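Reviewing the structure listed below.
Whatever order the structure lists ligands and atoms in, that order sets their numbers, starting from 1. Just so it is clear, the structure is predicted and the values come from calculations on it, not from any experiment.
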Amino acid sequence: MRILLAGGAGYIGSHVALVLLEAGHDVLVVDDFSNSAHAAIDRVQHLTDRTVELIECDLSDLATSRAALRDQEFDAVIHLAGLKAVGESVAEPARYYRTNLTATLNLLEIMAEHGVNRLVFSSSATVYAPAAEGVENLDESQPAGHGITNPYGWTKAMNEQIIRDIQVSRPELEAVLLRYFNPVGAHPSGRIGEDPSGIPNNLMPFVAQVAIGRRERLAVFGDEYPTHDGTGVRDYIHVMDLAEGHLAALDHLRPGVATYNLGTGVGQSVFDVVRAFSDASGREIPHGVVAPRAGDVARAVADPSKANRELDWKAKRSFADACRDTWTWQSQNPNGYTGG
Ligand code: UDP
């Protein structure tokens, strides 16, 4: 198939592009490069020895996007384009709602105009309401779409609803919503990986930057949660496993909207992450406990059995693999794609 990959130059998108190309699909990346690098696309082409077609445009601008895509043919859309910084979304909610919702509405409009019915959407575990007492791992039947603590998470939940409603009006639409848990790691070559702009919000890139010496010490956000060591527990999924989940979703599209968790089913605490990354890198990770971060939950771990069963997909890589591959990327590209 020829896949329109919206947001294909970003961290997750570049790994999805690579996996699609290796599976024999053609890839048309649409990206505005607001938080991504041309070098990622160059490196994907180099790694796969394939050509990635590229359209540089902002999907939240309908007229421009429509014109840019007018003569393009594609069989399916994988939509990962959007703003994703949680803290920034609290400071600039209007920009988050405008960008993330408009991009989805515009893409759906352009898909209808092109007669394209296949859609894989990048959603997030943040759409789940905080787990009720006694609930361990989250499955897709858990309540979602309320109790979300930041506008970024709301844009994901609202985009899910937009896709469901549009599917009702267009029953031929085949959509999959993929609820990502915490993507980490990099392609094992170390050529593509996560390159956050500014100070990383997320744990893994922050830890990697402490290990390489770009940051002095990690602030651990709270150690009094009801978890095995008091620090927050998350389900860290290797980005290559996550990318393979998109390929599996494409292969299992059916009329309707299906929702799948992409996670490992295993939780790691902040201290577990520090220890594993220290082992992988051979570096000390200076860290100290500070107050909890507003909006954080104690634990968010997937029950991925629906995706395992119905998509014939499973996360294969270990957390140690993810730390090793993050370290390969970080040590070979200490300042990300910009070099220097
Ligand atoms: N965390 C931390 N220090 C940091 C960043 C994150 O202790 O500098 C913790 C955070 O409280 C959570 C876990 O690491 O328990 C994962 O946080 P991240 O922001 O990576 O993902 P999310 O909160 O979206 O699951």
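For Ala315 against Thr264, the heavy-atom pair with the smallest separation is CB-CG2, 4.0 Å. When all heavy atoms are compared, the tightest approach of Val233 to Gly267 is CG1-CA, 3.6 Å.
Separation of the His252 and Tyr260 ring centroids does not fall under the 6.0 Å cut-off.
The part of Asn182 lying near ligand 1 is the side chain, judged by heavy-atom distances below 4.0 Å. Under 4.0 angstrom from ligand 1, there are no non-hydrogen atoms of Val86.
The aromatic rings of His79 and Phe121 sit tilted, their planes meeting at an angle between 30° and 60°. Between Tyr152 and Tyr96, the angle of the ring planes goes over 60°, which puts this pair in the perpendicular group of the 30/60° scheme.
For atom 23 (O) of ligand 1, the closest non-hydrogen atom of the protein is Arg293 NH2, 3.0 Å. Nearest protein heavy-atom contact of atom 25 (O) of ligand 1 is Arg234 NE, 2.7 Å. When only non-hydrogen protein atoms are considered, atom 11 (O) of ligand 1 lies nearest to Asp296 OD2, 2.6 Å. The shortest contact between atom 7 (O) of ligand 1 and any protein heavy atom is with Phe221 N, 2.8 Å. With respect to atom 9 (C) of ligand 1, the closest heavy atom belonging to the protein is Val270 CG2, 3.7 Å. Here the heavy atom of the protein found nearest to atom 18 (P) of ligand 1 is Asn202 ND2, 3.5 Å.
Of all the atoms in ligand 1, the ones that sit under 4.0 Å from a non-hydrogen atom of Asn201 are 5 (C), 19 (O). Shown in contact with Val220 at under 4.0 Å from a heavy atom are these atoms of ligand 1, numbered in order with element: 7 (O).
For atom 15 (O) of ligand 1, the nearest non-hydrogen atom from the set Ala300, Ser124, Gly232, Ala125 comes from Gly232.
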Practice problem: Could you walk me through whether Phe271 and His228 pass the ring pair (Phe, Tyr, Trp, His ring centres under 6.0 Å) test, one step at a time? | Solution: CA-CA 10 Å; Phe271 288 151; His228 64 270; 9.2 Å; no
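The shortest heavy-atom distance from Tyr236 to ligand 1 is under 4.0 Å.
Between Arg50 and Asp26 there is a salt bridge, with a side-chain nitrogen of the basic residue lying less than 4.0 Å from a carboxylate oxygen of the acidic one.
Defined by atom type and a distance below 3.5 Å, a donor-acceptor pair is missing between the side-chain atoms of Gln167 and Arg164. Side chain to side chain, Asn159 and Thr104 meet the donor-acceptor criterion of an N or O pair below 3.5 Å.
Inclusion of Ala219 in the set of residues having an N or O under 3.5 Å from an N or O of ligand 1 is warranted. In terms of polar-atom proximity, Leu203 is counted as a contact of ligand 1, with an N or O under 3.5 Å from an N or O of the ligand.
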